[in-house]
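Everything on this sheet refers to the single structure shown next.
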Amino acid sequence: MDEYPFKKIEPKWRKWWEDNKIHHVNLDDSTEAKKYIVVMFSYPSEKKLHIGHWWNYGGVDAFSRFIRMRGYNVFEPMGFDAFGLPAENYAIKNNVHPAITTRKSVKYIREQLKDIGAMYDWSREVDTSQPEYYKWTQWLFLQLFKTGAAYRKKAPVNWCTDCKTVLANEQVLGNGTCERCENKVITRDMEQWFFRITDFADNLLKGLDDLDWPEATKSMQRHWIGRSEGTDIDFKVVNHDETIHCFTTRPDTLFGVTYIVLAPEHELVVKITTDKQKAEIDAYVEETHRYSDIERLAADREKTGVFTGAYAVNPANGEELQIWVADYVLKTYGTGAVMAVPAHDQRDFEFTQKYNLSVKWVIGTSDPHGTIETDRAFEEYGIMHESGQFDGMTSEMGIEAVNEWLSSRNAGKSTVRYRLRDWLISRQRYWGAPIPVVHCKKCGLIAVPEDELPVLLPEKNVDFTPRGSSPLGSCKEFIETKCPECGGEARRDPDTMDTFVCSSWYFLRYLSTDSQDQAFNPDRINRWMPVDVYIGGPEHATGHLIYARYIIHYLNSIGLIDCKEPFKKLIHQGIINHKGQRMSKSKGNVVNPDPFVEKFGSDCFRLYLMFMGDFRTGGDWSDDGIIGIRRFQNRIWRLFLAWEHVNSSVGVPACDRIMDVSNDLSNVEPNLKRLLNYTIREVTNDLENFDFNTAISRLMELVNELYKQTADKDNVDPAYMKLALRTLTILIGPLAPHMAEELWHRIGNKDSLFNQKWLSYNKDAIRQEEVTIVIQVNGKLTDRLSVIKGTSEEDLKEAALKSEKVKRRMGDKALKRVIYVPNKIINIVC
RNA sequence: GCCGGAGUGGUGGAAUUGGUAGACGCGCUGGUUUCAGGGACCAGUAUCCCCCGGGGUGUGCGGGUUCGAGUCCCGCCUCCGGCACCA
């Protein structure tokens with residue numbers, strides 16, 4: 001039996017596509033409508049593509065090819081997110097320079113990517129670790145710096161005592177230890193670079209409404225931004241000329257405040273602590289620094305705190321309140337100070353229990369007989385009491401009224417706070433884009449002039465093993481420089497940028513890789529942005545996807561680009577597990593795609609992954625099913641071999657006549673006519689919706705049916721077969737591009753299949769003359785009737801009641817009603 | 001604790017969105033082919049009972065709405081993902 005010779009065919013067409021620049025995109029062509037389809041670029045530090053990449057990239061390519069065949073100018077680029085910690089860690093461990101390992105990985109992965117047979121335009125590849133790219137990442141930084149959106153401040157960071165380096169939050173394990181050495185991680189205050197993403201909190205929140213994104217992801221971003229309306233209330237400190245500002249969302253509980261809490265890092269702690277309490281407070285503050293933020297924030301930790309010895313005055317009733325320091329209050333949220341209302345806040349309640357502080361109930365239920373349990377806080381809205389002139393108000397009214405009262409007395413004002421923090425972008429690491437700023441003793445922080453970019457990352461004389469400060473600081477040639485302002489001795493900033501900065505704008509750079517004198521060409525941006533469909537994992541919901549949105553909002557705000565949002569539609573691919581678990585080296589269940597590609601071919605492997613399950617859901621990898629796809633390919637191949645003669649024996653006019661299936665098909669058998677049109681409709685809808693698995697099922701059905709209908713070869717009209725094979729070739733093109741291109745040329749075409757227009761279908765041709773009506777008795781399937789479409793309800797009812805099966809099931813019960821769903825079901829109720 | 005998503009044959013998964021549950025594939029069973037094979041083709045395959053004509057039961061569990069529920073409502077269970085002292 002003839003097997004489909006994928007080994008000969010796949011490399012042949014890959015070369016042909018490349019030689020004929022089939023995948024080259026003209027970015028300046030405005031004659032065709034564009035579609036910009038981007039899949040998150042790959043992270044070469046992982047060294048090799050795994051099955052998940054094939055799942056993702058194969059599906060996205062099928063979609064892109066389909067869109068292209070529908071007549072759009074489609075741009076589907078690919079690149080490398082090549083800076084980052086894994087390459088650096090590998091380098092430290094094996095003493096190989098990260099530049100070398102990264103370049104090697106990129107080269108290897110690029111070849112693997114080419115095996116997928118996707119229509120990437122490789123002339124527009126980006127690599128974030130190349131000076132041609134990071135020059136513009138630095139340029140982007142400078143734009144932010146010039147407008148004050150990039151700034152330095154002292155901030156608590158995670159510090160591993162053993163590795164002697166700063167760690168990202170993701171690198172700290174749940175128990176507060178370092179993921180690499182499992183030693184203790186502490187909090188350390190360090191001067192860091194930040195981007196003012198909080199300035200855009202509200203815009204980022206509002207922008208979500210119009211995005212065609214998964215609701216779950218939008219919801220995650222909303223929570224992450226965490227807008228919350230409340231009030232800043234001023235508490236004067238007794239015997240000090242200081243005021244503590246407390247943010248609360250519940251000013252209606254103001255009369256229930258029994259003490260005040262400051263975060264350990266709060267600047268007033270030192271000022272107001274009494275001499276008597278000083279030793280204890282110092283010890284406590286010191287103690288909190290011994291924990292990482294992650295550890296401190298563990299919700300199940302018992303609350304601790306220390307009294308400062310100082311008091312503050314409640315502006316509502318003049319009561320004096322103890323001021324405490326406790327690490328359950330965070331310096332980084334709100335004002336870093338809290339008015340504690342134990343009766344109506346469970347956290348404060350727990351704290352009071354431990355330290356024997358008083359509880360004052362000021363909110364009750366509206367039900368006069370309703371009692372509130374007193375063993376925990378009552379956090380709901382209710383009716384105010386013990387609250388002076390506000391007694392009897394609902395919480396909603398009270399919040400308004402207290403706000404007005406406070407602001408009229410200059411003791412507070414309503415504000416909006418966000419959970420979102422400014423984006424900490426500096427890293428004390430080597431393998432990243434250097435921050436293009438010079439520190440001059442005389443002039444301060446001075447931006448490197450744009451025409452001096454890039455600030456090259458030195459590849460020699462850098463000791464990148466961690467020792468407690470930025471590796472670049474140890475490189476004399478790099479760090480010592482002249483101040484661009486005064487020309488005096490100065491030092492370069494030794495930090496590098498978070499790789500999320502690199503990946504926050506790469507989709508802009510794809511459009512201008514041919515330009516060395518600008519980050520992006522505004523005309524092209526305005527023509528191609530936003531990205532029409534962006535595909536990537538849901539794990540980026542609150543990281544990359546917020547950062548990229550922020551950068552676009554920012555560039556828009558300073559007038560550099562027109563578009564407001566980077567990604568119009570977002571799709572998350574699912575995750576491929578193996579044996580029910582996520583693939584990982586430690587579990588030893590990683591599946592390497594290469595042997596499967598070698599044994600079954602690229603198309604077969606792509607098809608199998610797409611067929612395995614829903615693109616968005618993911619699935620569990622199994623070696624077993626792929627054989628079914630090979631059989632499917634072989635069946636198609638043999639079908640073409642068996643009918644090869646029709647391509648020469650059927651003349652050109654016949655071919656023209658059947659170019660478009662929606663045209664007159666009067667001479668084609670009704671069954672086939674219907675089948676072809678039906679398959680076009682189904683496959684079209686499925687590809688539009690990323691439902692590759694069902695699209696492939698429909699094509700399998702078509703092939704099965706063609707085998708059945710052509711069992712008797714002599715009775716088949718060759719034109720009919722020619723039409724069927726042509727239709728099949730076009731429909732399978734996006735899914736199995738190599739095979740389809742081969743078949744396309746075999747049936748007599750010279751140009752690429754992917755320059756061919758997609759097929760339209762004829763609705764009328766799908767309509768069936770004969771339909772099967774299901775007869776139910778009390779909703780139970782009882783019998784079937786095959787009738788001509790449009791048979792009247794009366795006739796159907798009569799026929800149904802005559803059925804022996806129906807009679808048997810009805811027994812002697814009387815007919816009550818008949819429900820009729822046209823052309824589908826007749827339900828007899830008795 | 002809070003917010004999402006999902007539970008369907010031996011197995012991967014379908015189901016026009018309230019209308020024939022199990023499409024398509026894997027596996028398995030039987031058969032055909034001068035078939036040495038992990039080849040090709042045909043038929044069967046949710047499950048239980050059975051007088052072989054049928055009958056009962058079935059989409060995580062328990063209720064409900066409806067002529068009719070995998071799909072909608074209420075209450076649970078399990079798994080996965082995210083957030084987690086955010087005042």
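In what follows, every chain begins at residue 1, and chains take the letters A, B, ... in the order their sequences are listed.
In this structure, A:Arg698 reaches the bases: a heavy-atom distance under 4.0 Å links it to at least one base atom across the strands shown. Residue A:Asn704 is in sugar-phosphate contact alone, with no base atom involved, counting any heavy-atom pair closer than 4.0 Å across all strands shown. Across all strands, A:Ser228 comes closer than 4.0 Å only to sugar-phosphate atoms, never to a base (heavy-atom distances). Across all strands shown, A:Asp348 has no heavy atoms under 4.0 Å from either base or sugar-phosphate atoms. A:Val829 comes within 4.0 angstrom of the backbone, heavy atoms only, and of no base. Within 4.0 Å (heavy atoms only), A:Asn827 reaches at least one base atom of the nucleic acid. As judged by a 4.0 angstrom heavy-atom cut-off over every strand, A:Arg227 is placed among residues making no nucleic acid contact. Within the nucleic acid shown, A:Ser622 has no heavy atom closer than 4.0 Å to any nucleic acid atom.
In terms of phosphate contacts, A:Arg222 brings no side-chain nitrogen or oxygen within less than 4.0 Å of OP1 or OP2 of B:G82. A sub-4.0 Å separation between OP1 or OP2 of B:U57 and a side-chain N or O of A:Lys780 is present.
Each of A:Tyr418 and A:Lys805 has a nearest nucleotide on RNA chain B; the 5'-most of these lies closest to A:Lys805.
Comparing the C1' positions of B:G39 and B:U78 gives a spacing of 44 Å, expressed to the nearest Å.
Side-chain contact annotation: A:Asn827 with A:Arg817, donor-acceptor N/O pair under 3.5 Å absent.
For the pair A:Met612 CE and B:G25 P, the computed distance is 17 Å after rounding to whole Å. Put simply, CD1 on A:Ile696 is 15 Å from P on B:C24, counting in whole angstrom units. In this structure, CG of A:Leu641 is placed 15 Å from P of B:A40, rounded to the nearest angstrom. When the C1' atom of B:C26 is taken as reference, atom CG of A:Asp623 falls 12 Å away, rounded to whole Å.
Among B:G39, B:C41, B:C3, the nucleotide with an atom closest to any side-chain atom of A:Arg638 is B:C41.
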